[in-house]
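What follows is a short report on a single structure.
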Amino acid sequence: MRFIHTGDVHLGANPESKTEWGKNRGDELWSTFERLIKKIKVEPVDLLIIAGDLFHRQPLLRELKEVDYLFSTIPDTTVVLCAGNHDAIKKGSFYRDFKWSSNVKFLGDRDIQKVELPDLNLCIYGLSYYENEITDPLYDHIIVDEPEKINVLVAHGGDEKHIPMNRKKMAMSGFDYVAMGHIHIPDIDEKNKMAYCGTLEPIDCGDIGERGYISGVLEKERLDLEFVPFAKRNYMELKFSIHPKMTSMELRHRLRDLIEEQGADNMYRIQIEGYRDPDFDVFLSGIEEIGNIVSIEDLSVPDFDFQELYEGNKDNILGMFIKKHLDAEPLEAMEQKVLYYGTKALLDAMEDKL
């Protein structure tokens with residue numbers, strides 16, 4: 001049996017919508033989900049698992065209809081999904097009475113339910129959230145009742161407020177695979193026959209690295225899992241080392257080249273490190289224009305000639321500050337930062353008094 005395991009799609013979210021380059025990110029989440037369904041249509045699988053949080057909040061009726069239409073275009077694939085903590089089934093939720101296409105199995109109960117798929121010799125277990133937080137470890141004590149069949153658990157949660165999980169207990173429950181959702185980082189644990197798929201598209205700037213889905217082959221005595229990158233954009237961390245002779249224009253050009261190399265569509269958290277000319281200031285506003293920049297942190301320090309500064313300031317607080325640190329050499333990394341930043345602050349203060 002071939003399957004795809006995804007989840008945490010968060011349709012309806014609008015990450016980075018306040019930026020010019022991110023104003024259409026909400027549409028991109030829908031487009032990537034549609035692209036996944038089209039891929040399944042071209043390269044069919046037996047089972048599509050969506051492990052919760054298909055939506056970022058309560059879905060509108062028209063949104064459920066759009067999603068169900070997509071599912072109907074892959075009639076030979078059984079789709080199994082549940083509601084997670086973000087799209088929990090609240091009072092008045094359109095999830096409650098929605099009529100899905102015949103190939104869709106919605107695990108809509110608040111308690112663990114089992115759905116049998118005889119054509120695949122498969123039993124699927126799972127539940128839906130009816131509130132945003134569940135602190136009971138509901139998955140830890142399930143025991144499969146037909147061990148001769150292939151048994152899969154769809155489990156959304158894994159932290160103290162969202163169905164805590166004990167992997168060792170779950171591994172002893174008899175499941176051939178546990179398809180997990182809620183944690184946004186992909187994590188394949190073949191030893192315990194379980195995996196987090198992570199998000200299909202990154203949802204916030206903490207989702208660093210590639211995002212996609214899990215592709216797998218599952219038989220009674222076989223489990224092969226592979227993470228497949230699929231997101232249109234990923235959040236990336238980019239560390240750039242500056243040098244004392246670098247100019248603002250060179251900095252922008254080199255950063256732009258690095259972004260082109262690593263993917264212009266990606267979204268970047270930039271850290272600038274190293275030593276710069278004391279008269280050179282990093283203009284963050286200019287850097288923000290070279291790509292999809294989420295944040296910039298300037299950790300560079302001025303490349304001071306401390307001996308020369310000391311000789312010219314022996315009789316003031318700056319000279320005393322420098323001497324204290326130079327007498328303590330060799331300096332630890334943190335002490336070096338204190339020396340550089342302290343010197344810069346004192347120089348700025350002395351300049352303001354002139």
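Since this is a predicted model, take the numbers as computed values, not measurements.
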field: For N132, all residues meeting side-chain hydrogen bond (donor to acceptor under 3.5 Å, both in side chains), sequence neighbours excluded
entry: K90
Residues E20, K23; criterion salt bridge (Lys or Arg N to Asp or Glu O under 4.0 Å); working and verdict: CA-CA 6 Å; E20 181 62 27; K23 61 184 180 182; 2.9 Å; yes
Counting C-beta onward and ignoring hydrogens, is there a side-chain heavy-atom pair between [X] and [Y] closer than 4.5 Å?
X	Y	result
Q262	M236	yes
V217	F3	no
D46	T78	no
T6	I49	no
I124	L47	yes
D68	V104	yes
L251	F240	yes
L153	Y177	no

- request: Could you tell me which residues satisfy ring pair (Phe, Tyr, Trp, His ring centres under 6.0 Å) with H162, sequence neighbours excluded, listed by chain and number?
  value: H182
- prompt: What residues form a ring pair (Phe, Tyr, Trp, His ring centres under 6.0 Å) with F94, not counting sequence neighbours?
  reply: none
task: Might you work through the side chain to side chain contact (heavy atoms under 4.5 Å, CB included) test for M170 and M165, ending with a clear yes or no?
output: CA-CA 8 Å; M170 293 168 67; M165 297 182 188; 3.6 Å; yes
field: Qualifying side chain to side chain donor-acceptor pair (under 3.5 Å) pairs with a residue from residues 234-258, counting only residues at least two apart or across chains
entry: E16-Y235
Roughly how far, to the nearest 0.5 Å, is [atom2] of [Y] from [atom1] of [X]?
X	Y	atom1	atom2	answer
M180	D8	CE	CG	11.5 Å
I163	D140	CD1	CG	10.0 Å
D109	S128	CG	OG	8.0 Å
Y129	D53	OH	CG	8.0 Å
C197	I185	SG	CD1	12.5 Å
L309	K323	CG	NZ	15.5 Å

task: Take R25 and T19 through the test side chain to side chain contact (heavy atoms under 4.5 Å, CB included) and record every step on the way to the result.
output: CA-CA 10 Å; R25 278 294 288 155; T19 65; over 6 Å; no
Verdict with supporting geometry, D224 and R222, salt bridge (Lys or Arg N to Asp or Glu O under 4.0 Å): CA-CA 7 Å; D224 298 327; R222 176 189 175 190; 2.6 Å; yes
Verify, without hydrogens or angle tests, whether [X] (side chain) and [Y] (backbone) share a donor-acceptor contact under 3.5 angstrom.
X	Y	answer
Y130	G108	yes
D136	L138	no
D176	N151	yes
S173	I142	yes
E201	K232	yes
R269	C205	yes
N192	M194	no
D204	G206	yes
D265	R233	no
R276	I242	no

task: Could you list all the ring-ring contact (aromatic ring centres under 6.0 Å, His included) pairs where at least one residue sits in residues 8-41, not counting sequence neighbours?
output: H10-H56, H10-H86, H10-H184
- request: Take the angle between the ring planes of Y340 and F306 and call it parallel below 30°, perpendicular above 60°, tilted in between.
  value: perpendicular
- prompt: Should the pair H325 and F321 be assigned to parallel (<30°), tilted (30 to 60°) or perpendicular (>60°) ring geometry?
  reply: tilted
- request: Write out all pairs satisfying salt bridge (charged side-chain N to carboxylate O under 4.0 Å, His left out) with one or both partners inside residues 178-188, taking only residues at least two apart or from two chains.
  value: R167-D187
query: Counting only heavy atoms not in E160, do more than 12 fall under 6.0 Å of its CD?
result: no
- prompt: Any chain of hydrophobic side-chain contacts (each under 4.5 Å) joining F71 to V154?
  reply: no
task: Consider only side-chain heavy atoms of I, L, V, M, F, W and Y, link residues closer than 4.5 Å, and tell whether I50 and L70 are in one cluster.
output: yes
query: Taking atom types as modelled, is there a side-chain donor on Y268 or N292 under 3.5 Å from an acceptor on the other?
result: no
message: Determine whether E116 and K149 satisfy the following criterion, salt bridge (Lys or Arg N to Asp or Glu O under 4.0 Å), listing intermediate values before the conclusion.
response: CA-CA 10 Å; E116 298 189 40; K149 295 183 178 180; 3.2 Å; yes
Full working for salt bridge (Lys or Arg N to Asp or Glu O under 4.0 Å) between E34 and K41: CA-CA 11 Å; E34 180 182 3; K41 189 174 182 179; over 6 Å; no
- request: For F98 and S93, run side chain to side chain contact (heavy atoms under 4.5 Å, CB included): C-alpha distance rounded to whole Å, both residues' side-chain angles, the deciding distance at 0.1 Å, then the answer.
  value: CA-CA 9 Å; F98 189 76; S93 170; over 6 Å; no
- request: Go through the steps for F55 and E63 under the test side chain to side chain contact (heavy atoms under 4.5 Å, CB included), then give the verdict.
  value: CA-CA 9 Å; F55 293 93; E63 292 174 324; 3.7 Å; yes
- request: Run the ring-centre check on F227 versus Y196 and record whether the distance is less than 6.0 Å.
  value: no
- request: Flag the pair Y125 / F175 as yes when their ring centroid distance falls below 6.0 Å, and as no otherwise.
  value: yes
- request: Salt-bridge test for E190 and K193: reply yes if a basic N is under 4.0 Å from a carboxylate O, no otherwise.
  value: no
